[in-house]
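No hydrogens, no waters, no symmetry mates; every other heavy atom, side chains included, goes into these values.
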Amino acid sequence: MSNASYTLPVSGMTCASCAGRVERALLKVPGVTTAAVNLANEQVRIDTEGAELSALVQAVETAGYGVPLQSVELTIEGMTCASCVGRVERALLKVPGVRSAAVNLASERARVEVLGTLEPAVLIQAVEAAGYHARAVTAAQPAGDNAERRLQRERWAVLIALLLAGPLVIPMFAELFGQHWMLPAWMQFLLATPVQFVLGARFYVAGWKAVRAGAGNMDLLVALGTSAGYGLSLYQWWATPAGQMPHLYFEASAVVIALVLLGKYLESRAKRQTSAAIRALEALRPERATRIVDGREEDVALAALRLDDIVLVKPGERFPVDGEVLEGESQADEALISGESLPVAKQAGDRITGGAINGEGRLLVRTTAIGGETVLARIIRLVEDAQAAKAPIQKLVDKVSQVFVPAVLLIAVLTLIGWLLAGAPLETALINAVAVLVIACPCALGLATPAAIMAGTGVAARHGILIKDAEALEVAHAVTAVAFDKTGTLTSGKPQIIHLHAVDGDEAALLRRAGALQRGSEHPLAHAVLERCAALGIELSDVERSQALSGRGIAGNLDGRQLALGNRRMLDDHGLQPGELAVTAQAWEAQGRTLSWLVEVAPEPRILGLFAFGDSLKDGAAQAVATLNARHIHCHLITGDNRGSARVVAEALQIASVHAEVLPADKAATVAELKKGGAVVAMVGDGINDAPALAAADVGIAMGGGTDVAMHAAGITLMRGDPRLVPAALEISRRTYRKIQQNLFWAFIYNLVGIPLAALGFLSPVVAGAAMALSSVSVVSNALLLKRWKP
């Protein structure tokens, strides 16, 4: 490795001892010769003899300090194949301060991580020096702005190329019907030349830039191959005696360029469809909003809104911001955001998500999030990050692409020499070499993985499954065990009345008395009682002299009787015994239920009834576990709750493995034990205490409605708290990975079969050009089949 110097920004240093600690940590890195910290500028100057930048960053972070990172996104134009991707990445990585660079051929974007601050112009200059065009992606000018115009230019180029090349091909088809005629040489020359040097100029320009950069790409292969056919035609025309018809190959060069242009156009159209999910999400953002100021309505741009602004949302309009409903009742269609197919009722106090469609009601909404902090903006960011990331399997393609074009050029030369040595005329040898150059298709290799990932993450997002990175998508297909948290994941997370028993058999009267005592209480068990009363339409009377019994329950007078509702200690305080309810109470307690006794204190102490509270299972929990079991994926329940409560849930859902009374800090250790046993583990949770386990699992899946900490630690986020999305997430991962495998198979097989056939003389340049164009289109089209997936 060569000597290099780096200037790293370092955050967290407060004194000279901090500077010394950073210097000592860096000097321990093999290859570092000097390290000098400037405390005032919060920078360290490092001279190395071949030390990797990543090792320097790791040393600073291990010492307890940070190296600020900036993420820059660029749109790259002019890439045609996997070797182009590699060249752009290498050019970016040579820029001082760049820690990582990931280029996506399908989305034509580059995600660059730089240390400290770096002007995008420096990165753009490096890309253009490598022979490509680049521009920074900003909110005001997204990457897809010019895509439609470029597609229209490509469409016209294809039409003109096909019109010019068409007459050259007609004689070939006429021969199939016994007609032998040929266009005059001068007419073939006039038709082929503009195709070769005007419409095909892009191949010469891009190929020359590749040569100048010391590399090769698909454009170079096309330029060399068609130029050879065109040049051979000129030679044959010049060398043939006057009055004789020369054997020309103008049609081969023109048709190959026309077919390649057609293939690139179809490929561009298909690639645009792979990013349709992002465009659909971006289209959910309304450009303007109606703000209420001093009782007046004013139409303002979305960028003008601020936190706590009051926004009026009329029926049929999209919510412009995330917020809280202050006034009105309506329903919200959140299908494109969360995948929830049914409208969700909204009233005062409810949260709404920007981008959802308001139903029939007029709502006043207080703004709680704007700009990049809204749920919709975060969803778009997650999907973009996933589509920009590289799956681990892509590393194989990157290695192959580095040697692909040089290898094809070598094979073409060997083909030419081999046919000449075999005694074939120069014309035959050259045409076969041209066929080798034309059929080679590194672009299919470059598109195989990113096209499938873009299609898979896009369709998953439409159904409420956000895949944060490509690695999670690739790993999830191999999951053999799913570990569920209980509360909030498989259960609703709030108590409900599971059982009740009225001594006199009148359950409605029991609920009416308990509900009256609980009116106005904020206790979770009180909410459960009041919800049941409301659901049954039970009217509640006012209670006199209501008082809380500390650590026991609540008491009050109702209809001239003194009542109390509370736990077993309240029962003991009044000298009451469970009696015939003892067996029932014991059985319910064994199930992990929380018990509340309703008693009449005066005039005569007696037990009126018993309530058992518990967490109810979520709709879809049983179906989710059954689906996983049917796929032979082992389900585990990991919870901090008592064994009785855990066992009831596990039995109801047919979960065989239960890990109960697990402390939050030990959940990650439990997941690690499962992994040690050879399982590929997905952890599903929603709370802060689940974050370590989500990070420890092979794949972390955070439930919608959970904490931001859980979502940050997880590789997959479910926008709805529906457990059925867990097997759906694993299924779309499996299908996407299968598409990646299929695409790579076809990309490799085209070349493994096509190049030898071309070298042996079994393929003409025209057929080779058609096959090359077809390979790219077939790879992207195969990926687009994922768009039909439904959970």
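- Atom CG of Leu261 is separated from atom CZ of Arg155 by 14.0 Å, given to the nearest 0.5 angstrom.
- Each of Asp322, Val311, Thr368, Val365 was compared with Ile352 under the side-chain contact (heavy atoms from CB on, under 4.5 Å) criterion, and only Val365 meets it.
- With sequence neighbours left out, the salt bridge (Lys or Arg N to Asp or Glu O under 4.0 Å) criterion links Arg366 to Asp308, Glu324.
- The residues Glu73 and Arg111 are annotated as salt-bridged, a charged nitrogen and a carboxylate oxygen being separated by less than 4.0 angstrom.
- Summarising the local packing, CD of Glu128 is surrounded by more than 12 heavy atoms from other residues, nucleotides or ligands at distances under 6.0 Å.
- Here Ile46 contributes atom CD1 and Leu26 contributes atom CG; the two are 4.5 Å apart, rounded to the nearest 0.5 Å.
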Query raised in the report: side-chain contact (heavy atoms from CB on, under 4.5 Å) between Val321 and Leu305: does it pass, once the steps are laid out?
Result: CA-CA 9 Å; Val321 293; Leu305 291 178; 3.5 Å; yes
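- Between Ile716 and Leu718 the shortest side-chain heavy-atom distance falls below 4.5 Å.
- The shortest non-hydrogen separation linking Met13 to Ala19 is SD-CA, 4.2 Å.
- Looking at Ile257 and Phe203, their side chains come closer than 4.5 Å, going by heavy atoms from C-beta outward.
- With sequence neighbours excluded, the residues that form a ring-ring contact (aromatic ring centres under 6.0 Å, His included) with Tyr204 are Phe197.
- Note that the CG atom of Leu302 and the CD1 atom of Ile370 stand 8.5 Å from one another [nearest 0.5 Å].
- For Gln125, the CD atom counts as loosely surrounded, since its 6.0 Å shell holds 12 or fewer non-hydrogen atoms of other residues, nucleotides or ligands.
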Report task. Report the C-alpha separation of Tyr132 and Glu77 in whole Å, then their side-chain angles, then the decisive distance to 0.1 Å, and conclude whether the side-chain contact (heavy atoms from CB on, under 4.5 Å) test is met. Result -> CA-CA 6 Å; Tyr132 303 91; Glu77 295 179 3; over 6 Å; no
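- Between the side chain of Glu108 and the backbone N or O of Thr75, no donor-acceptor pair lies under 3.5 Å.
- Considering CD1 of Ile465 and CE of Met719, their distance stands at 11.5 Å, rounded to 0.5 Å.
- Here OG1 of Thr62 is found 13.0 Å from CZ of Arg21. Values are rounded to the nearest 0.5 Å.
- Contact check for Gln741 versus Tyr737: side-chain heavy atoms found under the 4.5 Å cut-off.
- Put simply, the side chain of Ser733 never gets that close to the backbone of Ala729: no donor and acceptor are under 3.5 Å apart.
- Pairing each heavy atom of Val459 with each of Lys787, the nearest pair is CG2-O, 3.8 Å.
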Report task. Kindly determine whether Val95 and Val114 satisfy side-chain contact (heavy atoms from CB on, under 4.5 Å), including the steps that lead there. Result -> CA-CA 9 Å; Val95 176; Val114 299; over 6 Å; no
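- Atom CD of Gln196 is separated from atom OG of Ser227 by 5.0 Å, given to the nearest 0.5 angstrom.
- Residues Ala304 and Asp309 approach most closely at O-OD2, 4.3 Å, considering heavy atoms.
- The stretch residues 24-33 participates, sequence neighbours left out, in no side-chain hydrogen bond (donor to acceptor under 3.5 Å, both in side chains) pair at all.
- Inter-residue side-chain proximity for Phe319 and Thr353 is flagged as unmet; no heavy-atom pair is nearer than 4.5 Å.
- Nearest heavy-atom pair, Leu93 versus Ala101, reported as atom, atom and distance to 0.1 Å: CD2-N, 3.8 Å.
- Using modelled atom types, no side-chain atom of Ser71 and backbone atom of Glu113 make a donor-acceptor pair closer than 3.5 Å.
- By the 4.5 Å heavy-atom criterion applied to side chains, Val313 and Pro320 are counted as neighbours.
- With sequence neighbours excluded, the residues forming a salt bridge (Lys or Arg N to Asp or Glu O under 4.0 Å) with Glu298 are Arg291, listed by chain and number.
- Looking at every heavy atom in both residues, Pro120 comes nearest to Ala136 through CB-CB, 4.1 Å.
- Considering only heavy atoms from C-beta on, Asn38 stays 4.5 Å or farther from Arg45 through its side chain.
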Report task. Please test Asp299 against Arg288 for side-chain contact (heavy atoms from CB on, under 4.5 Å), starting from the C-alpha separation and ending with a verdict. Result -> CA-CA 7 Å; Asp299 184 61; Arg288 306 190 68 80; 2.5 Å; yes
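- A donor-acceptor pair is defined here as one N or O able to donate and one able to accept, closer than 3.5 Å; no such pair exists between the side chain of Thr48 and the backbone of Val32.
- Qualifying side-chain contact (heavy atoms from CB on, under 4.5 Å) partners for Ala134, counting only residues two or more places apart in sequence or in other chains: Ile76, Ile124, Val127.
- Not a single donor-acceptor pair under 3.5 Å links the side chain of His463 to the backbone N or O of Ala460.
- Considering only heavy atoms from C-beta on, Tyr65 stays 4.5 Å or farther from Ser11 through its side chain.
- When all heavy atoms of Ala63 and Ala25 are compared, the closest pair comes out as CB-CB, 3.8 Å.
- For the pair Leu123/Val98, a side-chain contact is recorded, criterion being any heavy-atom separation below 4.5 Å from C-beta on.
- Residues passing the side chain to side chain donor-acceptor pair (under 3.5 Å) test with Asp47 are Ser5, Thr34, sequence neighbours excluded.
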